[in-house]
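What follows is a single structure, written as structure tokens, with notes after it.
Residue numbers start at 1 and run along the sequence shown. Since this is a predicted model, take the numbers as computed values, not measurements.
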Amino acid sequence: MTVFILLACLGGVLVGLSRQLNGRLSISTTPLIASFWNHAIGFAVLTCLGLFVGGLLPAGAAEAPWYAYLGGSIGVVFVAAGSWVIARIGAVNSALLIIGGQMVTGVAFDYISAVPASFWANAAGIVLIVGGMMISRRRKAGGSQ
């Protein structure tokens, strides 16, 4: 279990590093160029890893429904938007925005999917997330004057 926790932490650090690099690259070029290089390098590394480890084309990939492959297109938009946002509001605020959005979207999906959950606990969680983000923004705005 410890190995998986460490791998998750390493993944988080690498995602943060990737966002920082994409943000810096988008400042000196454009968000689309930063997104292109992010995906080109990721494609090359993952292809080499797939060839080395095996399983580059898993069984049943051809039978997957068409919408299973929309993740790549959504990823391109997400990386390009992230590169654009980081250059404007900073890495910490964009990370808060992403985490808050994921949490609220997860609660919305649970509600739509009729997953058994406490409405009040979910509502309190959303209020705490949004409230924390508002307090963070207010402190930053008040401290800079």
Side-chain angles (χ1 to χ4, degrees), residues 1-115 117 122-145:
M1 183 69 130
T2 304
V3 172
F4 295 118
I5 292 171
L6 292 174
L7 284 174
C9 291
L10 176 65
V13 168
L14 292 175
V15 166
L17 179 63
S18 172
R19 287 189 182 139
Q20 284 288 337
L21 291 172
N22 285 337
R24 301 268 182 199
L25 183 58
S26 73
I27 289 171
S28 61
T29 59
T30 67
L32 290 178
I33 291 174
S35 178
F36 169 78
W37 283 110
N38 179 67
H39 286 88
I41 292 170
F43 175 76
V45 169
L46 290 176
T47 300
C48 291
L49 186 65
L51 290 172
F52 178 72
V53 173
L56 180 63
L57 296 173
E63 288 82 34
W66 66 270
Y67 54 83
Y69 297 101
L70 288 178
S73 302
I74 293 169
V76 168
V77 172
F78 183 79
V79 170
S83 298
W84 183 80
V85 167
I86 286 174
R88 279 146 185 84
I89 67 171
V92 173
N93 285 329
S94 64
L96 287 173
L97 186 65
I98 290 167
I99 292 168
Q102 288 174 337
M103 297 296 287
V104 172
T105 303
V107 169
F109 281 165
D110 285 348
Y111 185 73
I112 291 168
S113 302
V115 172
N122 287 342
I126 290 173
V127 167
L128 288 172
I129 290 168
V130 172
M133 293 176 75
M134 289 173 57
I135 289 171
S136 170
R137 295 293 298 165
R138 188 172 299 145
R139 283 188 185 165
K140 184 177 180 182
S144 64
Q145 292 177 348

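With rounding to the nearest 0.5 angstrom, the CG atom of L14 is 11.0 Å from the SG atom of C9. The CG atom of L25 sits 12.5 Å away from atom CD of Q20, with the distance rounded to the nearest 0.5 Å. Taking CG of N22 as the start and OG1 of T29 as the end, the distance is 9.5 Å to the nearest 0.5 Å.
T47 places a side-chain N or O within 3.5 Å of a backbone atom of F43 that can act as its donor or acceptor partner.
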Side-chain atoms of residues 105-115: list all donor-acceptor pairs with protein atoms under 3.5 Å, sequence neighbours left out, distances to 0.1 Å.
| residue | atom | partner | partner atom | Å |
| --- | --- | --- | --- | --- |
| T105 | OG1 | G101 | O | 2.7 |
| S113 | OG | F109 | O | 2.9 |

Atom pairs and distances, side-chain donor-acceptor, residues 50-76, under 3.5 Å, sequence neighbours left out:
| residue | atom | partner | partner atom | Å |
| --- | --- | --- | --- | --- |
| Y69 | OH | A61 | O | 2.4 |

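The nearest pair of heavy atoms linking G23 to S26 is O-OG, 2.9 Å.
A heavy-atom distance below 4.5 Å is found between the side chains of S18 and N38. Residues H39 and V79 meet the side-chain proximity criterion, which asks for heavy atoms closer than 4.5 Å.
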